[in-house]
Amino acid sequence: MKTLNNTLREPSKIAIILAFTSIYLIWGSTYLGIMVAIQSIPPMILGGLRFLIAGVLLLGWCLYNKEKLPSKSTIIKSSISGLLLLLWGNGAVIWAEQYIASSITAIIVAGAPLWMALLDKREWKHSFSSLAIISGLLIGFSGVVILVTAGKETTHFSLSDSKQFLGLLVLLSGSIAWVGGSLFTKYSPTEGSTLMKVSIQMLVACVAFFLVAAIRGEYQTYHWQQTTTKSWLALGYLITFGSLIGYLSYVWLLSVRSPAQVGTYAYVNPSVAVLLGWLMLNEPISLQQALSLGVILIGVMLVNKGNSKKAKAAALTPPKSSLNEQPKPLEKTLVLVDKQV
């Protein structure tokens with residue numbers, strides 16, 4: 001999860017279009033990139049390599065710009081969030097795609113905002129008094145039920161397949177871990193630049209990925225020379241486009257557009273992933289599975305609508321302060337609920 005505070009400024013229309021194209025298409029395509037990469041790179045080694053290189057590049061950029069290393073408290077909190085968000089959250093996606101098609105994985109991950117509304121205990125009073133959010137939760141999770149009960153051999157997904165069922169459970173646990181990491185960061189704020197903290201998250205996660213790879217025995221069965229050119233290119237794509245260009249575009253957009261506008265990527269990414277999986281990997285998608293995606297996205301839209309109404313109401317409510325108290329500058333804060341870092 002990332003929190004960004006910035007003041008608004010007027011950017012060029014071309015820059016905005018390119019940035020939105022980046023988070024719409026690139027983040028939606030990372031599911032395909034993972035599927036191609038794990039064809040010859042073990043999943044945990046893949047995660048370790050991805051976040052090692054991306055983390056080193058981000059840290060190097062921060063040091064080049066003479067940013068100071070954060071405090072011990074910030075490092076510890078960033079490490080915890082990195083383990084939850086990247087190792088468990090993103091790692092679940094990587095591991096599950098060994099057994100579940102990238103399109104199905106994207107549909108399941110699309111329900112992450114629903115978990116956020118359900119597990120954010122401090123917001124329960126608002127969430128469970130909002131008809132839009134309650135309706136969104138019921139509709140969204142019904143979409144998940146439609147998805148997991150729609151599997152057939154012809155669609156490459158079935159609960160009767162023990163590995164796919166386990167993959168589903170891992171994906172759901174990853175979504176919950178991602179939300180847990182997001183909530184931890186949300187309610188345990190830290191000082192320092194966003195890029196510095198993300199670089200720490202990535203570097204800590206890469207170490208954890210490599211340790212898990214050792215425990216799983218991936219080094220004994222993996223030989224570098226067996227890695228295909230397609231997998232190397234996919235890894236490079238995940239690092240440069242997914243973890244760097246896509247994320248930096250997201251960070252920049254938050255400084256020039258509202259969180260509601262930037263958050264529309266959550267509706268586009270799953271559709272892009274499903275389309276690319278069908279076009280590039282010949283992943284079949286049934287009418288029932290397409291329906292489940294639509295139902296889940298409607299649920300997410302209703303949840304976001306309910307949260308948007310709350311944000312607008314809070315913005316219109318004058319703060320309680322004394323006459324002598326100076327007004328605080330307006331800040332924009334957004335919790336990122338997505339696994340494509």
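Keep in mind the model is a prediction, meaning the values are calculated, not measured.
- At distances below 3.5 Å, at least one donor-acceptor pair connects side-chain atoms of Ser188 with backbone N or O atoms of Phe184.
- Using a 30° and 60° split on the angle between ring planes, Tyr250 and Trp27 fall in the tilted class, from 30° to 60°.
- Of the possible polar contacts, one joining the Asp161 side chain to the Lys163 backbone as a donor-acceptor pair under 3.5 Å is found.
- Heavy-atom neighbours of Tyr222 OH from other residues, nucleotides or ligands within 6.0 Å: above the threshold of 12.
- Counted within 6.0 Å of OH on Tyr24, heavy atoms from surrounding residues, nucleotides or ligands total more than 12; the atom is thus considered enclosed.
- Ring orientation note: the planes of Tyr99 and Trp95 are nearly perpendicular, at an angle over 60° on the 30°/60° scale.
- We find the CG-CG distance between Leu302 and Leu297 to be 11.0 Å, quoted to the nearest 0.5 Å.
- The closest side-chain donor-acceptor pair between Thr105 and Ser102, if any, does not fall under 3.5 angstrom.
- Distance alone, capped at 3.5 Å, is enough to place a donor-acceptor pair between the Glu218 side chain and the Ile45 backbone.
- Just one of Leu276, Val109, Val274 meets the side-chain contact (heavy atoms from CB on, under 4.5 Å) condition when paired with Tyr31; it is Val109.
- With sequence neighbours excluded, the residues forming a ring-ring contact (aromatic ring centres under 6.0 Å, His included) with Phe141 are Trp115, listed by chain and number.
- The backbone N or O of Trp224 sits less than 3.5 Å from a side-chain atom of Thr227, completing a donor-acceptor pair.
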